Structure formats: structure tokens, C-alpha cells
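What follows is one structure encoded as C-alpha cells, with my remarks underneath.
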Amino acid sequence: MITPQEMRLRLGIDPSDDAQDPLIALLLEGANAYARTYCRLRDYEDVPDHLIVQMTQEDYGRLEGAGLSSATLSGAAEYYRSSYSDDVMGALRALRHPGTVRRGTHA
């Protein structure tokens, strides 16, 4: 698994500045948990590090703009992303195990 120290380098943060390590650790943990849940991975399966890195980079980038991905010059129309990029979602779908459809019982 990627460490906050490694992620700092990938995010372009000064290697000696560990002030954001707790935040980066949370983002790494959250990306891993999201991917594991979305892909329905088994306990012995891991999410590829490069995917966790990309997800964490996207999450970290959203912090400053709070998810803002575009806005008009006047600021009247804004668009907020609610998910990861198409590249990340495509990679997650490729890793995803098929699910089970459960039928409810009707009384």
C-alpha cells in the first residue's frame, strides 16, 4: 500500500512537510475502501497501487475546489463532480466482481 510519504511526492508536496500526512492517510484509506467495496473484492485481493494513487490524487485535487470541475465566467453555472474520472471508473469496473441479485419475498 502507498504511504502518505510516497503520496506526498506524487502530489508535489515538499517531502519534508508532513503536516498533511493525516489527511493524506485518510484519503488513501478512503480510496482503498471505496475501490474494495465497489469492486466487491475478497479479503485476499488488493486494489492496484496505481489506481489508489490516481483516486487519491483526484480526491486531493477536489479539496481545494470542493469538487468544482468547471464554471462559467460569470459564475452563474457550476458543475460539481460526484464520482471519479472516467479512467478510474473504467479501471474499477474492470476489477469488479459480479454481484448477486437478491429477490425480495412478497407477503
Side-chain angles (χ1 to χ4, degrees):
M1 176 126 188
I2 302 292
T3 65
Q5 296 78 16
E6 293 171 305
M7 200 62 218
R8 243 188 284 145
L9 293 172
R10 294 173 187 266
L11 292 170
I13 298 172
D14 181 356
S16 63
D17 180 10
D18 62 355
Q20 295 191 43
D21 280 5
L23 171 64
I24 293 170
L26 284 173
L27 293 175
L28 286 165
E29 185 179 316
N32 189 50
Y34 179 89
R36 292 189 63 74
T37 301
Y38 181 86
C39 296
R40 302 180 187 111
L41 296 181
R42 295 170 184 93
D43 290 340
Y44 59 85
E45 296 177 303
D46 292 322
V47 181
D49 283 347
H50 73 277
L51 191 52
I52 296 298
V53 166
Q54 191 172 355
M55 293 169 73
T56 303
Q57 286 173 326
E58 289 184 19
D59 288 340
Y60 187 81
R62 284 186 206 156
L63 292 176
E64 196 164 309
L68 182 66
S69 62
S70 67
T72 63
L73 183 60
S74 67
E78 298 176 346
Y79 171 72
Y80 291 87
R81 288 191 321 199
S82 61
S83 186
Y84 290 102
S85 68
D86 291 341
D87 289 343
V88 168
M89 292 309 296
L92 289 173
R93 279 190 294 278
L95 291 173
R96 193 171 197 192
H97 292 294
T100 304
V101 176
R102 297 180 190 186
R103 294 179 187 249
T105 57
H106 298 284

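This is a predicted model, so every value here is computed, not measured.
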Subject >> Side-chain donor/acceptor of R36 to backbone N/O of R42, under 3.5 Å >> reply: yes

Subject >> D21, D18, D17, T3 screened by side-chain hydrogen bond (donor to acceptor under 3.5 Å, both in side chains) with R8, the one that passes >> reply: D21

Original post:
Going from CG on L11 to CD on E6, what distance comes out if it is rounded to the nearest 0.5 angstrom?
Top reply: 12.0 Å

Subject >> Straight-line distance of Y84 OH to E58 CD, nearest 0.5 Å >> reply: 7.5 Å

**OP:** For a side chain to side chain contact (heavy atoms under 4.5 Å, CB included) with L51, tell me which candidate from L92, N32, T56 qualifies.
**Re:** L92

**OP:** Output the distance between atom CD1 (I24) and atom CD1 (I2), rounded to the nearest 0.5 Å.
**Re:** 12.0 Å

Original post:
Hey, what do you get for CG (L95) to CZ (R93), rounding to the nearest 0.5 Å?
Top reply: 11.5 Å

Original post:
Hey, is CD on E29 packed in by over 12 heavy atoms from elsewhere, all under 6.0 Å?
Top reply: no

Original post:
Any chance CZ of R96 has more than 12 other-residue heavy atoms, nucleotides or ligands included, within less than 6.0 Å?
Top reply: yes

**OP:** For Q20 and Y60, work out which heavy atoms get closest and say how close.
**Re:** OE1-OH, 2.7 Å

Subject >> Nearest atoms (heavy-atom pairs only) where Y34 meets S83 >> reply: OH-OG, 4.4 Å

Original post:
Should L63 and I13 be regarded as members of a common hydrophobic cluster, given that ILVMFWY residues are connected when their side-chain heavy atoms come within less than 4.5 Å of each other, either directly or indirectly?
Top reply: yes

Original post:
Going hydrophobic residue to hydrophobic residue with side-chain gaps under 4.5 angstrom, can you get from L28 over to L9?
Top reply: no

Subject >> Common cluster, L26/V53, ILVMFWY with side-chain heavy-atom separation under 4.5 Å >> reply: no

Original post:
Strictly by modelled atom types, are S85 and D87 linked by a side-chain donor-acceptor pair under 3.5 Å?
Top reply: no

